[in-house]
Amino acid sequence: MDARQLRYFLAVVDAGSVHRAAEQLYVAQPSVSQALRALERDLGSLLFHRTGRRLVLTAAGHALVGPAREVLRGLELARATVEAVDGLVGGELAIASMPSQAVSPLTGLVAAFAAAHPLVLISVRAASTPIAVQAMLTTGNAELGVVAAAPSAPALHDLEVLHLETQRFALLARDESMLPPGDPVQPADLAGAALIVGQQGTGMRSVAEAVRRQALGSRFAVEVEHREAVLPLVLAGVGTAVVSDSWRALAESAGATVRALDCPDLLHVSLLYRPGRLSPAAAAFLHLAQDTTETLL
């Protein structure tokens, strides 16, 4: 058994097929198939049931997934630790983040980290929900995660949590004429409004649904899965967007009108990481986040 075999095995697990795994690994498909067969011979057990083109994990395959991820994490940590002997002069830090929180507070944290460690490549990977962020940490696709959730949301298990900030909700519009007077805006005053909303299961969407119930004649004009499209849609006059107030600085700099929304909903923004030893880059980022949070307090 070697690291390459385990890497190929996990790629097949995550991709669902040898063909897709080979594409993601940038290797020939026979190389992946041969590595899997060699791994099965070494272990003396089948890892997949082969049903046509589909591969389904056997009980032995399921048992191998966790230890295989730990082995690869250990190798990555060993490499990163050696590379950091003379300081953080290279390497990569992968951070999973929900879209709105990638705007803020992650942008500020990344800027500060990049200023201190300019040779570390920071890879910010998109995840639409806290559960998706947790999955990326569990699978090793990211070492740190930034999530936003309502205070009543279920706790995320088996992860350490650093609270970063609390966010409220706001409204974005092309100009003053598209919003009623007042700041904060009362939901009932948005009667007849065309709303740009996030996908189901997000805080943006739940607040927008509450607004629609209170604002007579309001409607959902656009449902946006790709949140980078929210601001352009607002600036084009398509409608009013319900967003977390992490968007405020970016929206105002683009010329949009921003008003606070009078609603009780809050988002707790947190940095997540797996218990145990972190890579030097992840540990440095965590310390920076802790220092920033303590300064704000």
Side-chain angles (χ1 to χ4, degrees), residues 96-108 124 126-133 146-154 163-270 296:
S97 177
M98 295 175 64
S100 293
Q101 286 62 53
V103 177
S104 177
L106 186 56
T107 295
V124 179
S128 60
T129 65
I131 297 301
V133 172
V146 180
V147 301
S152 59
H163 177 73
L164 297 177
E165 64 182 30
T166 298
Q167 296 178 352
R168 296 185 178 274
F169 286 87
L171 298 168
L172 307 185
R174 181 182 59 191
D175 52 53
E176 294 280 349
S177 67
M178 297 185 68
L179 289 173
D183 191 0
V185 173
Q186 303 298 317
D189 292 338
L190 290 164
L195 300 174
I196 299 169
V197 301
Q199 66 195 93
Q200 293 187 5
T202 64
M204 285 171 56
R205 180 57 175 263
S206 63
V207 172
E209 288 173 347
V211 168
R212 186 174 61 170
R213 288 192 296 269
Q214 298 175 61
L216 184 66
S218 63
R219 62 184 177 85
F220 289 171
V222 183
E223 180 182 87
V224 184
E225 185 171 344
H226 301 289
R227 296 194 200 171
E228 60 269 23
V230 169
L231 191 53
L233 287 168
V234 167
L235 295 174
V238 174
T240 300
V242 178
V243 299
S244 67
D245 61 10
S246 61
W247 286 76
R248 179 178 289 274
L250 177 64
E252 290 178 338
S253 67
T257 297
V258 184
R259 300 266 187 83
L261 178 65
D262 188 4
C263 74
D265 298 75
L266 299 172
L267 290 175
H268 286 176
V269 182
S270 303
L296 292 174

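The figures that follow rest on heavy atoms only: side chains count, while hydrogens, waters and symmetry mates do not.
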Trainee: Working note: R227 + W247, criterion side-chain contact (heavy atoms from CB on, under 4.5 Å); need CA distance, chi angles, decisive distance, verdict.
Mentor: CA-CA 11 Å; R227 296 194 200 171; W247 286 76; 4.1 Å; yes
Trainee: Nearest heavy-atom pair of A173 and M178: which atoms, and what distance?
Mentor: CB-CB, 3.9 Å
Trainee: How about V147 and V269: do any of their side-chain heavy atoms sit closer than 4.5 Å?
Mentor: no
Trainee: Tell me every residue that passes salt bridge (charged side-chain N to carboxylate O under 4.0 Å, His left out) with E252, counting only those two or more places apart in sequence or in another chain.
Mentor: R248
Trainee: Does D183 have any side-chain hydrogen bond (donor to acceptor under 3.5 Å, both in side chains) partners at least two apart in sequence or in another chain, and if so, which?
Mentor: none
Trainee: Could you pull out all residues at least two apart from E176 that satisfy side-chain hydrogen bond (donor to acceptor under 3.5 Å, both in side chains)?
Mentor: R259
Trainee: Rounded to the nearest 0.5 Å, what separates atom CE in M204 from atom CG in D265?
Mentor: 13.0 Å
Trainee: Looking at side-chain heavy atoms only, is the closest gap between S244 and Q101 below 4.5 Å?
Mentor: yes
Trainee: Is the shortest side-chain heavy-atom distance between Q200 and S206 below 4.5 Å?
Mentor: no
Trainee: Kindly write out the residues that satisfy side-chain hydrogen bond (donor to acceptor under 3.5 Å, both in side chains) with Q186, not counting sequence neighbours, or none if the list is empty.
Mentor: D262
Trainee: Mind running side-chain contact (heavy atoms from CB on, under 4.5 Å) on L164 and S270 for me, showing each step along the way?
Mentor: CA-CA 5 Å; L164 297 177; S270 303; 5.6 Å; no
Trainee: Taking only residues two or more places apart in sequence, or in another chain, which ones meet A241 in a side-chain contact (heavy atoms from CB on, under 4.5 Å)?
Mentor: L172, I196, V230, V234, V243
Trainee: Would you mind reporting whether L171 and T257 have side-chain heavy atoms less than 4.5 Å apart?
Mentor: no
Trainee: Which pair of non-hydrogen atoms, one from S246 and one from S100, has the smallest distance, and what is that distance?
Mentor: OG-O, 3.2 Å
Trainee: Mark yes or no for whether T107, through its side chain, and S104, through its backbone, hold a donor-acceptor pair below 3.5 Å.
Mentor: no
Trainee: Mind running side-chain contact (heavy atoms from CB on, under 4.5 Å) on L267 and T166 for me, showing each step along the way?
Mentor: CA-CA 6 Å; L267 290 175; T166 298; over 6 Å; no
Trainee: Taking all heavy atoms of V238 and all of A194, pick out the closest pair and write down the distance.
Mentor: O-CB, 3.9 Å
Trainee: Kindly give the heavy-atom pair with the smallest separation between L235 and G255, and that separation in Å.
Mentor: CD2-C, 4.3 Å
Trainee: Please tell me if the side chains of L261 and P184 come closer than 4.5 Å, counting only heavy atoms from C-beta onward.
Mentor: no
Trainee: If you take all heavy atoms of A208 and L195, which pair is closest and at what distance?
Mentor: O-CD1, 4.2 Å
Trainee: So M98 and V146, do their side chains get closer than 4.5 Å, heavy atoms only?
Mentor: no
Trainee: Can you give each donor-acceptor pair under 3.5 Å made by side-chain atoms of residues 214-224, sequence neighbours left out, with the distance rounded to 0.1 Å?
Mentor:
| residue | atom | partner | partner atom | Å |
| --- | --- | --- | --- | --- |
| Q214 | NE2 | A210 | O | 3.3 |
| S218 | OG | A215 | O | 2.8 |
| E223 | OE2 | R205 | NH1 | 2.3 |
| E223 | OE2 | R205 | NH2 | 3.3 |

Trainee: Looking at A127 and P99, what are the two nearest heavy atoms and their distance?
Mentor: O-CD, 3.5 Å
